[in-house]
Number of protein chains: 2
Amino acid sequence: MQVSSCNISDCFLCSSCLPEWKALVEVKKTTLRFKKGAQIFGEGGKVTGIYFLYSGSVKVHKEWGEQKELIIRFAKKGDILGHRGMGSDPIYPISATALEDVKLCFIDNAFWEATMKSNHALTHKLVQFYAVELQQAEKRMRNLALMEVNARIADALLEMKEIWGVNSEGYISVPVARRDIAAYAGTIYETVFKFLSELTQKKIIATSGKSIRIIDEEKLKQHIKTKKSIG
Amino acid sequence: MQVSSCNISDCFLCSSCLPEWKALVEVKKTTLRFKKGAQIFGEGGKVTGIYFLYSGSVKVHKEWGEQKELIIRFAKKGDILGHRGMGSDPIYPISATALEDVKLCFIDNAFWEATMKSNHALTHKLVQFYAVELQQAEKRMRNLALMEVNARIADALLEMKEIWGVNSEGYISVPVARRDIAAYAGTIYETVFKFLSELTQKKIIATSGKSIRIIDEEKLKQHIKTKKSIG
DNA sequence: CGTCATGTTGACATTTCTCAATCCTAGTGG
DNA sequence: CCACTAGGATTGAGAAATGTCAACATGACG
């Protein structure tokens with residue numbers, strides 16, 4: 001973990017019209033770096049501050065027991081991490097792990113709290129940000145409960161494309177292990193494997209190791225159906 | 001829908017140490033009333049303001065298609081409703097329906113926004129509130145993805161008891177239709193029915209119509225296990 | 001008393017997970 | 001350079017969980 005100057009041109013808040021935020025981060029020129037696979041913070045750990053993802057991609061996940069995890073969301077550069085810890089209980093309810101090498105801006109608690117008190121625009125923006133996060137969490141809740149497994153996997157692919165975009169060859173920019181896709185879709189590795197094979201055979205997607213290219217987005221979307229008469 | 005004076009002694013924010021909030025609501029003496037079963041606001045509707053539940057209980061739910069719904073959470077008096085609409089898009093992502101007759105304080109958008117700008121303490125409190133909601137949503141996401149059906153039903157019962165408490169006879173204060181329990185647990189009516197019958201037979205719970213009494217909380221908790229090796 | 005809605009139950013179909021066998025691939029030591 | 005092994009990828013058979021459906025019971029209500 002090195003510390004260096006933080007270029008914030010891509011940060012969530014400042015890029016969304018908040019010069020105050022730029023000023024904030026320039027006061028705290030703290031950049032943390034983590035290697036691919038490293039844990040940025042862990043469920044149950046003490047909340048020490050809030051992170052802004054400057055570059056790289058991250059999975060935010062929640063464990064249950066030893067071998068079970070659910071990936072709550074994927075984060076890309078510009079996203080905020082650790083804001084779930086701002087409730088009354090200063091313990092992280094989730095973990096964040098780097099999927100690629102990442103660079104983050106770190107703002108410690110005291111500084112962040114002080115800034116929120118003095119900077120209305122920032123706080124107001126933050127409220128909006130939370131509202132959007134909450135909407136997404138609830139949409140995902142519905143998907144996990146109401147969609148069939150294959151639909152959830154298809155949805156995961158589309159989400160990843162949406163979040164990270166594609167590279168020059170059309171592959172989703174961040175390669176993700178099948179195990180992680182499973183952990184995101186709430187299913188097991190084998191099921192993901194079989195469905196991706198099927199999609200490849202039907203030429204709806206193409207894979208190259210962990211890289212995935214969506215060939216026929218329309219057909220992929222047709223797999224997204226709800227199941228049964230819940231409720 | 002009548003309008004009358006609003007007694008706010010039980011509202012979430014003021015009961016949690018915010019005299020400013022008391023002042024706020026006293027300015028807007030607006031109480032709305034809804035009958036049991038009435039919809040307070042609907043998914044897709046335009047966001048006109050934010051609600052504080054003064055009395056009664058509410059289900060917050062998200063639809064998919066005609067016949068499928070997932071209950072996101074149950075709300076009790078003192079809770080906030082409609083705060084998910086505070087994002088950039090002024091459309092409710094969820095619906096709220098009264099489970100009993102309810103009384104709400106309603107604050108329109110303009111007034112609320114103005115208050116947030118001038119009242120730091122309130123806004124700060126709100127950020128904490130959002131963080132907690134987000135944590136709960138993510139916990140629920142994990143439960144829906146990782147727990148087996150019976151475990152989710154057991155969990156639903158415990159949640160309802162936690163949220164609403166029990167009456168003098170030990171029954172969960174708010175009677176909930178089995179269909180709603182199913183919609184909360186992400187399963188179908190018949191499955192809930194069968195599991196509740198089984199629990200009744202084992203004398204872990206007792207039911208009287210829609211009212212449910214948890215007899216042996218320990219045994220009920222033993223049903224809460226995760227399934228398989230997700231991820 | 002008839003009818004409709006809802007509760008209750010069981011048989012069955014489907015989905016999805018579990019497990020284990022086999023197949024690769026890369027790295028290792030001879 | 002080649003067998004050898006470990007670990008992950010791939011696949012299929014079968015089990016278990018859970019949803020579907022349909023039949024029957026019960027109770028509310030006109």
- [ ] Side chain of A:I188 only, please: which of C:dT16, C:dT18, D:dG19 is the nearest?
- [x] C:dT18

TODO: Please name all residues satisfying salt bridge (Lys or Arg N to Asp or Glu O under 4.0 Å) with A:K161, sequence neighbours left out, ordered by chain then number.
DONE: A:E217

TODO: Rounded to the nearest angstrom, tell me the gap between atom CG in B:L146 and atom C1' in C:dT16.
DONE: 14 Å

- [ ] Verify the contact: side-chain N or O of A:T191 to OP1 or OP2 of C:dT16, cut-off strictly under 4.0 Å; return yes or no.
- [x] no

TODO: Can you spot which of B:Q135, B:E138, B:E133 makes a side chain to side chain donor-acceptor pair (under 3.5 Å) with A:R84?
DONE: B:E138

Task: Value in whole Å for how far the P atom of C:dG7 lies from CG of B:L196 - done: 12 Å

Open item on the list: Taking side-chain hydrogen bond (donor to acceptor under 3.5 Å, both in side chains) as the definition, give me every residue that meets it alongside A:E159, ordered by chain and number, with sequence neighbours left out.
Closed with: A:Y184

- [ ] Using salt bridge (Lys or Arg N to Asp or Glu O under 4.0 Å) as the criterion, list what pairs up with A:D101, not counting sequence neighbours.
- [x] A:K35

Acceptor/donor pairs from residues 199-208 of chain B side chains to any protein atom, 3.5 angstrom cut, sequence neighbours excluded:
unit_1, atom_1, unit_2, atom_2, d
B:T200, OG1, B:L196, O, 2.7
B:K202, NZ, B:E198, OE2, 2.9

Open item on the list: Distance check needed: C:dC17 P versus A:E148 CD, whole Å only.
Closed with: 11 Å

Open item on the list: What is the distance, to the nearest angstrom, from the CE atom on B:M147 to the C1' atom on D:dT18?
Closed with: 15 Å

Side-chain donor-acceptor contacts of residues 43-52 of chain B below 3.5 Å, not counting sequence neighbours, with atom names and distances?
unit_1, atom_1, unit_2, atom_2, d
B:E43, OE1, B:E63, N, 2.8

Within the sub-3.5 Å range, which N or O atoms of nucleotides 6-12 of chain D have a protein N or O partner, and how far apart are they?
unit_1, atom_1, unit_2, atom_2, d
D:dA9, OP2, A:Y189, OH, 3.3
D:dG12, N7, A:K194, NZ, 3.4
D:dG12, O6, A:K194, NZ, 3.4

Open item on the list: What is the separation between atom NE2 on B:H223 and atom C1' on D:dA17, rounded to the nearest whole Å?
Closed with: 15 Å

Task: Spacing between A:F195 atom CZ and C:dC17 atom P, to the nearest angstrom - done: 13 Å

